[in-house]
Structure formats: C-alpha cells, structure tokens
Amino acid sequence: MSLFVDPHSEPGGAARQAFWLRPPQEVAADLIGWVLLVDGVGGRIVETEAYGPNDPASHSFNGRTRRNAAMFGPGGHAYIYRSYGLHWCVNAVTGSEGEGAAVLIRALEPTHGVEIMAARRGGMDARALCSGPGRLTQALAVSDAHNGAPLHSKPFALIPGRRQGLLSGPRIGISKGVETPWRFGEAGSGFLSRRFG
DNA sequence: CTTTCGATGATCT
DNA sequence: GATCATCGAAAGG
C-alpha cells in the first residue's frame, strides 16, 4: 500500500506528513522508484535501508547527540553524516519529531545530469556513479551543508515514481541488528550497491 | 569472480 | 582507544 504525494504540495501538507509519519521500513520500501535530485542532478532511488528507534544498528539507538540531531527532527528532512571519515551519507527522516527514525538512501539509477555526476566522480561509468551511499552523495554534491534541509524544496527535489518490483534483505555494513531485513531494492536494477541474497 | 586492506576523522567510551 | 550505515585499488583463484 503506497501513499503518493504531490511534490508541489504545501510544505507540511497533510498528504506529505502522512507519508513521512509512517515507520521507516514502510517509507523505505515506498521510496524505491522515486526520483531524488539536488539542483536538478540525480536519479531514481533503487536501494534504501530503514533505521528505527529501538534499533541497535541505528545512530539514534543511544539517544540524541550532536551528530544525529537531525534524525530526531521533522520527517521528510535530510539527516547527513560522515562515514568512515571520508564519505557523506544521506537519510530521509521519518516518523514523528523526536522519534529518531530514518531511511538511508543507498543507490540511485542515474537519470538527470549524468555528465555532471560523471565529472564529479572522476569519469566513472554509469553503473558505478551512484551505486552506494557514499558514491551518490559525491555524484549529487551532498554534504553536511544539507543536514536538516527539507527534501521537498530546493536544492532538493523528491518526485514520486513507480518501481518494477521490490526486493528486501539484511542491511549492509552493520554489526548489530544484522538479521533485520530492512534493506530494500528494485527488482532487476543494475544499479544496486550489492546483489540481494 | 572473490577477498583483503588502507585511507581518514568524527564520535563516543 | 575503538568503532564505524564506505570506497577503491590490489592481490589471489
């Protein structure tokens, strides 16, 4: 059951609020097939992961800190953190304010501004442009400057779309909550960060 | 095809 | 001081 949101509806509109208010695993599944852009550059979301409250793998698990503050903010806004000292990763906050839930955007199928993204990524082929959470932030030029920003207004754009089919499996790169099948992907996509088991 | 490993810095104990 | 929601190059089958 998917909820659709008019991307041009008013910030804080009822439909949009209802979309983001749901548990992260539902939002994560529904975001597959949507288009994420930054200044008009980006592509279709083909892989996501959900991180919830009371989830040992989640940055929010041990409470609010300076780093994860945006994760406790309003739904539909960005939570951005630095990974392994090198990469940025972008999440869409879900749930109610203060809850601490989010959806990590893990891979895009490049569709808009492919040349720009290739230049930013050092001339990589389309396959590898956005097929990973650190890769796509480099391709879209996302950084901590965007932390807390709403995904429904500039420089971001988030456009509802359709997917072919939904895959799910365990999340990647974590050491706790390893069994929880909260990684989602588009069936048949050639732009995933890794195959689904 | 697979596995291994170094880079690099914020965060938290 | 240890741990990372990673990437890419290099080495091995």
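We name chains A, B, ... by the order of the sequence lines, and we start the count at 1 in each one.
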Just the rounded figure in Å: distance from [atom2] of [N] to [atom1] of [X].
X        : N     : atom1 : atom2 : answer
A:Tyr51  : C:dC4 : OH    : P     : 12 Å
A:Lys176 : C:dT3 : NZ    : C1'   : 8 Å
A:Arg183 : C:dT6 : CZ    : C1'   : 14 Å
A:Arg194 : C:dT6 : CZ    : P     : 10 Å
A:Asp55  : C:dA5 : CG    : P     : 11 Å
A:Ile172 : C:dC7 : CD1   : C1'   : 13 Å

Sugar-phosphate only, base, or nothing, as touched by A:Met124 at under 4.0 Å among non-hydrogen atoms: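 Sugar-phosphate contact only - A:Met124 comes under 4.0 Å of backbone atoms but never of a base.
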Touch class at under 4.0 angstrom, heavy-atom based, for A:Ile174 against every strand present: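 Contact class for A:Ile174: sugar-phosphate only.
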Cationic N near anionic O, under 4.0 Å, A:Arg22 to A:Asp30: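 Looking at A:Asp30 together with A:Arg22, the answer is yes, because their closest N to O distance falls below 4.0 Å.
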Letter per nucleotide, 5' to 3', of nucleotides 7-13 of chain B [B base touched, S only sugar-phosphate touched, - untouched; heavy atoms, 4.0 Å]: BBB-SS-
Closest heavy-atom pair and its distance - A:Ile45, A:Leu31: CB-O, 3.5 Å
[Y] and [X] side chains, donor-acceptor separation under 3.5 Å:
X        : Y        : result
A:Gln138 : A:Arg121 : yes
A:Arg127 : A:Ser131 : no
A:Arg106 : A:Thr48  : no

Upstream residue (5' side of DNA chain C) when A:Ser175 and A:Ser131 are each assigned their closest nucleotide: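 The answer here is A:Ser175.
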Counter-base of B:dT11, judged by Watson-Crick or G-U geometry with both distances under 3.5 Å: C:dA2
A:Arg106 side-chain proximity, nearest of C:dA5, C:dG8, C:dC4: C:dA5
Side chain proximity check, A:Tyr51 to A:Leu104, heavy atoms < 4.5 angstrom: yes
Plane angle bin for A:Phe19 and A:Trp34 - parallel if under 30°, tilted between 30 and 60°, otherwise perpendicular: parallel
